[in-house]
Amino acid sequence: PKGGGAMKQYGNKYPSVTTILEVLRKIGLENWFKVNNPKFIEEESEKGKLIGTQIHEIIQASIEKEKFELETEYREEVKNAFESFKLFKKENPDVKLQKSEMKLLSEKYKYNGTLDCLAKIGNELLIYDWKTGTAKDKEKPAIYDEHIYQISAYVNLYNEVENANVTRANIVVFAKDKICYNSLIIAEDVLKNSFEQVFLSCLKIYNYQKGG
């Protein structure tokens, strides 16, 4: 069933942030489906998911200072993404990366989420969300509106569970086709509006479709 993997991952019946946001139309993705055959779409989708998972695991190991080996059939893409992560760290020495891959549950709104990273800039705590993408002929990979909706749900989740007051977040997209990245700080008002107007609306639609 839709969202079944997420439920198994978190050990409860609640949907994940990413599952909830699947109710949104993705026009760019729909157009991509129109011009490619099903076999290519399935292969590229699985490849993208695997690379994304692998780079998250490597970044987590790096943050937590654990040893890791770059064993993957997509070595070039994963290596580019990790080198892009290292470039981000080099160019942002004031960002102190702390905990990573935190699984949390919102009892108030009944959803799950995994925070990629907590970080500090001075005394301010921010939530960071890592993405992978392609830059192609552009200077850096794109950041999409859905990334903002997603991180708004993570900020709300962390503040609820930890009784915290995180007011800013950062989306960082690492290119897997060359060494570069894109970064966007999301302000408090944008996070609040994205969560209340978009994410909670998606959650209502999801629950309605599930008969909840």
Side-chain angles (χ1 to χ4, degrees), residues 3 6 14-32 45 48-49 51-53 55-56 59 81 84-85 88 91-92 95 97-106 108-121 124-136 138-162 164-176 180-207:
Y14 301 145
S16 68
V17 170
T18 51
T19 297
I20 292 163
L21 289 174
E22 285 176 3
V23 305
L24 289 172
R25 280 193 70 184
K26 300 172 181 64
I27 304 299
L29 197 57
E30 289 174 16
N31 291 335
W32 183 66
S45 297
K49 288 177 187 176
I51 291 171
T53 298
I55 191 61
H56 271 75
I59 288 174
S84 298
F85 167 71
F88 164 77
E91 293 183 348
N92 296 272
V95 178
L97 304 179
Q98 300 184 327
K99 291 182 182 179
S100 65
E101 298 298 317
M102 297 176 62
K103 287 183 170 57
L104 300 174
L105 159 66
S106 168
K108 181 177 181 180
Y109 295 105
K110 296 180 171 48
Y111 71 90
N112 302 301
T114 300
L115 277 62
D116 285 343
C117 186
L118 293 177
K120 273 194 170 183
I121 300 178
E124 183 186 9
L125 186 65
L126 291 88
I127 288 170
Y128 276 63
D129 198 38
W130 313 129
K131 300 293 181 188
T132 54
T134 54
K136 297 181 180 177
K138 296 182 179 177
E139 186 180 341
K140 50 193 176 182
I143 292 174
Y144 298 103
D145 288 343
E146 189 175 339
H147 297 163
I148 300 173
Y149 309 150
Q150 192 173 343
I151 204 168
S152 75
Y154 293 145
V155 170
N156 182 83
L157 184 57
Y158 182 80
N159 284 340
E160 177 192 333
V161 173
E162 299 294 332
N165 187 34
V166 173
T167 58
R168 293 197 305 161
N170 196 354
I171 299 163
V172 189
V173 184
F174 304 114
K176 52 190 176 184
C180 63
Y181 68 90
N182 198 356
S183 176
L184 180 66
I185 293 276
I186 312 298
E188 182 177 14
D189 59 334
V190 178
L191 289 170
K192 184 175 185 293
N193 288 334
S194 295
F195 180 74
E196 293 177 353
Q197 302 301 320
V198 182
F199 182 77
L200 289 184
S201 297
C202 290
L203 180 58
K204 286 181 181 178
I205 294 169
Y206 175 87
N207 287 333

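Note that these values count all heavy atoms, side chains included, but never hydrogens, waters or copies made by symmetry.
- Taking CD from Glu196 and OG from Ser152, the interatomic distance works out to 9.5 Å, rounded to the nearest 0.5 Å.
- Contact detail for Val155 and Ile127: the closest heavy-atom pair is CA-CD1, 3.6 Å.
- Put simply, the side chain of Tyr128 reaches to within 4.5 Å of the side chain of Val95, judged on heavy atoms.
- Atom-to-atom distance recorded for Ile55:CD1 and Thr132:OG1 is 8.0 Å, nearest 0.5 angstrom.
- When atom types are taken as modelled, the side chain of Asp116 and the backbone of Trp130 share a donor-acceptor pair closer than 3.5 angstrom.
- Inter-residue side-chain proximity for Gln98 and Leu125 is flagged as met; some heavy-atom pair is nearer than 4.5 Å.
- The shortest distance between side-chain heavy atoms of Phe195 and Val190 does not fall below 4.5 Å.
- In this structure, OG1 on Thr19 lies 9.0 Å from CG on Asn112, to the nearest 0.5 angstrom.
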Problem set entry | Derivation of the side chain to side chain contact (heavy atoms under 4.5 Å, CB included) call for Gln150 and Asp129 | CA-CA 9 Å; Gln150 192 173 343; Asp129 198 38; 4.2 Å; yes

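- For the pair Leu105 and Val161, the minimum side-chain heavy-atom distance is 4.5 Å or more.
- Atoms CG and OH, from Leu104 and Tyr111 in turn, are 9.5 Å apart once rounded to the nearest 0.5 Å.
- Side-chain atoms of Asn182 come within 3.5 Å of backbone N or O of Pro141 as a donor-acceptor pair.
- Contact of the Leu21 side chain with the Glu146 side chain is registered, since non-hydrogen atoms from C-beta on lie closer than 4.5 Å.
- The aromatic rings of Phe174 and Phe88 stand perpendicular to each other, their planes meeting at an angle above 60°, with 30° marking the opposite boundary.
- Between Ala164 and Tyr158, the shortest heavy-atom distance links the atoms CB-CE2, 3.7 Å.
- Within the model, atoms CG of Leu126 and CG of Asn170 stand 7.0 Å from one another, a figure rounded to the nearest 0.5 Å.
- Here the CD1 atom belonging to Ile171 is positioned 8.0 Å from the NZ atom belonging to Lys131, to the nearest 0.5 angstrom.
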For this session: Give the C-alpha distance, both sets of side-chain angles, the deciding distance and a yes or no for side chain to side chain contact (heavy atoms under 4.5 Å, CB included) between Tyr149 and Leu24.
Result: CA-CA 11 Å; Tyr149 309 150; Leu24 289 172; 3.7 Å; yes

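- Remark: the backbone N or O of Tyr144 is paired with a side-chain donor or acceptor of His147 at under 3.5 angstrom.
- Taking a 6.0 Å sphere around CD of Glu139, one finds it holds 12 or fewer heavy atoms contributed by other residues, nucleotides or ligands.
- Counting all heavy atoms, side chain and backbone alike, Leu157 lies closest to Ser106 at CD1-N, 3.2 Å.
- Of the possible donor and acceptor atoms, one in the side chain of Ser201 sits under 3.5 Å from a partner among the backbone N and O of Gln197.
- For the pair Thr18 and Ile20, the minimum side-chain heavy-atom distance is 4.5 Å or more.
- Between Leu191 and Thr167 the shortest side-chain heavy-atom distance does not fall below 4.5 Å.
- Between Lys120 and Glu124 no salt bridge is recorded (no basic side-chain N to carboxylate O distance below 4.0 Å).
- Checked against the 6.0 Å centroid threshold, Tyr206 and Phe199 do not count as a close aromatic pair.
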Problem set entry | Met102 and Thr114: CA distance, side-chain angles, deciding distance, side chain to side chain contact (heavy atoms under 4.5 Å, CB included) verdict | CA-CA 5 Å; Met102 297 176 62; Thr114 300; 5.9 Å; no

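- You'll find the side chain of Leu184 stays beyond 4.5 Å of the side chain of Val172, heavy atoms only.
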For this session: Show the numbers, then the answer: is there a side chain to side chain donor-acceptor pair (under 3.5 Å) between Glu160 and Tyr109?
Result: CA-CA 10 Å; Glu160 177 192 333; Tyr109 295 105; over 6 Å; no

